[in-house]
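Counting from 1, the numbers follow the sequence of the chain as shown. Keep in mind that the numbers below use all heavy atoms, side chains included, and drop hydrogens, waters and symmetry copies.
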Amino acid sequence: MAARILLIEDDPSIREATALGLGAAGYEVEAVADGVAALDAFRARPPDLVVLDVMLPGLDGLTIARTIRAASAVPIVMLTARTDALDVVAGLEAGADDYVRKPFELTELLARLRAALRRAIPADPAAGSVRRLGPLEIDEAGLTVRRAGQEIALSSTEFRLLLELARRPGQVFTREVLLDRVWGYDYLGDSRLVDVAVQRLRAKVEADPATPRLVLTVRGAGYKAARDATPER
């Protein structure tokens with residue numbers, strides 16, 4: 001079954017051309033032009049992935065991303081014409097998994113979407129296992145994380161990032177390696193994706209995100225999962 005994509009873009013020419021291109025690539029596309037219609041469409045028929053423009057009439061893209069992320073782990077790829085790094089980071093902090101700058105080539109967008117969809121596919125249950133990282137129980141097959149029996153709502157990207165680190169506790173991963181293994185695409189050294197994802201992950205899994213004990217920074221090198229993290233008592 002074709003993946004369903006909700007495309008939210010107010011520019012008619014970009015919306016039509018992108019919808020046609022995604023449809024030709026085999027996706028089922030629903031395209032809307034503003035934030036209110038976007039949320040209505042999302043709630044009426046949740047998609048497999050959201051392509052979201054930052055600048056929208058009514059509700060802006062950041063508000064839409066936060067609203068969707070509060071209720072769903074669906075992958076979100078943002079479209080932005082802004083060049084300021086702070087705007088890109090704001091989109092990622094709002095819950096986007098990735099971003100594409102306008103003007104963009106359809107091939108680039110398709111590559112990002114395919115990678116985002118792959119991250120959201122559960123592993124083969126027969127090959128899955130439950131890993132522990134301190135108080136966390138990480139279910140590889142179910143794409144879920146629990147702490148003291150309570151599930152923690154992670155996006156698919158946040159889950160993949162945690163799992164990649166937890167599989168090799170104590171091993172330092174550079175940002176470039178994490179970009180390749182988690183995002184699955186050549187991001188030309190854009191470390192903001194990793195840094196913001198780690199920040200969001202810590203906010204959800206650490207008892208005190210300001211003093212992380214599970215996902216650690218190795219200054220000048222990258223990140224690692226704590227080797228000696230202990231379960232909570």
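Cluster annotation: Leu62 and Val74 are assigned to the same hydrophobic cluster (Ile/Leu/Val/Met/Phe/Trp/Tyr, side-chain heavy-atom contacts under 4.5 Å, transitive). Both Leu117 and Val100 sit in one connected hydrophobic cluster of ILVMFWY residues. Membership requires side-chain heavy atoms under 4.5 Å apart, directly or through other members.
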Output side-chain donor-acceptor pairs under 3.5 Å for residues 20-41, partner residues at least two apart or in another chain, one line each.
{"unit_1": "Glu28", "atom_1": "OE2", "unit_2": "Arg4", "atom_2": "NE", "d": "3.4"}
{"unit_1": "Glu28", "atom_1": "OE2", "unit_2": "Arg45", "atom_2": "NH1", "d": "2.9"}
{"unit_1": "Glu28", "atom_1": "OE2", "unit_2": "Arg45", "atom_2": "NH2", "d": "3.1"}
{"unit_1": "Glu30", "atom_1": "OE1", "unit_2": "Arg4", "atom_2": "NH2", "d": "3.3"}
{"unit_1": "Asp34", "atom_1": "OD1", "unit_2": "Val36", "atom_2": "N", "d": "3.1"}
{"unit_1": "Asp34", "atom_1": "OD1", "unit_2": "Ala37", "atom_2": "N", "d": "2.9"}

Between side-chain atoms of residues 216-225 and protein atoms elsewhere (two or more places apart, or another chain), which donor-acceptor pairs fall under 3.5 Å?
{"unit_1": "Thr217", "atom_1": "OG1", "unit_2": "Arg202", "atom_2": "NH2", "d": "2.8"}
{"unit_1": "Tyr223", "atom_1": "OH", "unit_2": "Asp195", "atom_2": "OD1", "d": "2.7"}

Evaluation steps, salt bridge (charged side-chain N to carboxylate O under 4.0 Å, His left out), between Glu158 and Lys204: CA-CA 10 Å; Glu158 291 161 355; Lys204 296 178 180 182; 2.8 Å; yes

Intermediate values then yes/no, side chain to side chain contact (heavy atoms under 4.5 Å, CB included), Leu6 and Leu49: CA-CA 6 Å; Leu6 175 59; Leu49 184 143; over 6 Å; no

Working for side chain to side chain donor-acceptor pair (under 3.5 Å), residues Arg119 and Thr157: CA-CA 6 Å; Arg119 291 195 297 273; Thr157 299; 3.0 Å; yes

Candidate pair Asp11 and Lys102, rule salt bridge (charged side-chain N to carboxylate O under 4.0 Å, His left out), full reasoning: CA-CA 12 Å; Asp11 185 299; Lys102 296 178 180 178; over 6 Å; no

CA sep, side-chain torsions, deciding dist, call: Val77, Val50, side chain to side chain contact (heavy atoms under 4.5 Å, CB included): CA-CA 6 Å; Val77 176; Val50 175; over 6 Å; no

CA sep, side-chain torsions, deciding dist, call: Glu164, Arg181, salt bridge (charged side-chain N to carboxylate O under 4.0 Å, His left out): CA-CA 8 Å; Glu164 191 64 41; Arg181 295 189 179 182; 3.3 Å; yes

Side chain to side chain contact (heavy atoms under 4.5 Å, CB included) assessment of Phe159 paired with Leu201: CA-CA 8 Å; Phe159 178 86; Leu201 178 62; over 6 Å; no

Trace of the side chain to side chain donor-acceptor pair (under 3.5 Å) decision for Ser129 with Glu140: CA-CA 6 Å; Ser129 62; Glu140 292 193 39; 3.2 Å; yes

Ile152 vs Val145, side chain to side chain contact (heavy atoms under 4.5 Å, CB included): CA-CA, chis, key distance, verdict: CA-CA 6 Å; Ile152 300 173; Val145 177; 4.2 Å; yes

Arg200 vs Asp97, salt bridge (charged side-chain N to carboxylate O under 4.0 Å, His left out): CA-CA, chis, key distance, verdict: CA-CA 11 Å; Arg200 288 180 54 83; Asp97 297 277; over 6 Å; no

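Here the side chain of Arg15 pairs a donor or acceptor atom with the backbone of Glu9 at under 3.5 angstrom. A donor-acceptor pair under 3.5 Å is absent between the side-chain atoms of Glu137 and the main chain of Val130, judged by distance alone. Checked by atom type and distance alone, the side chain of Asp139 pairs as donor or acceptor with a backbone atom of Gly142 at under 3.5 Å. Glu93 contributes no side-chain N or O that, together with a main-chain N or O of Val196, makes up a donor-acceptor pair within less than 3.5 Å. Formation of a donor-acceptor pair under 3.5 Å by the Thr67 side chain with backbone atoms of Thr63 is found in this model.
At most 12 non-hydrogen atoms from other residues, nucleotides or ligands lie less than 6.0 angstrom from CD of Glu16.
The shortest non-hydrogen separation linking Phe173 to Gln171 is CD1-O, 3.4 Å. When all heavy atoms of Leu133 and Ile138 are compared, the pair lying nearest together is CB-CD1, 4.3 Å. Of all heavy-atom pairs between Ile76 and Gly95, the closest is CD1-O, 4.2 Å. When every heavy atom of Asp48 is checked against every heavy atom of Pro75, the shortest pair comes out as O-CD, 3.2 Å. A pairwise comparison of heavy atoms in Ser155 and Ala73 identifies CA-CB, 3.9 Å as the closest pair. Between Gly61 and Leu52, the shortest heavy-atom contact is O-CD2, 3.3 Å.
Leu163 places a side-chain heavy atom less than 4.5 Å from the side chain of Arg167. Residues Ile64 and Phe42 fail the side-chain proximity criterion, which asks for heavy atoms closer than 4.5 Å. Counting heavy atoms from C-beta on, the side chains of Tyr99 and Leu79 never come closer than 4.5 Å.
Ion pairing between Arg112 and Glu108 holds under the 4.0 Å rule for side-chain N and carboxylate O. Looking at Asp60 and Arg66, no side-chain N of the basic residue comes within less than 4.0 Å of a carboxylate O on the acidic one, giving no salt bridge.
Screening Arg131, Arg146, Arg147 against Leu136 for a side-chain contact (heavy atoms from CB on, under 4.5 Å) leaves a single residue, Arg147.
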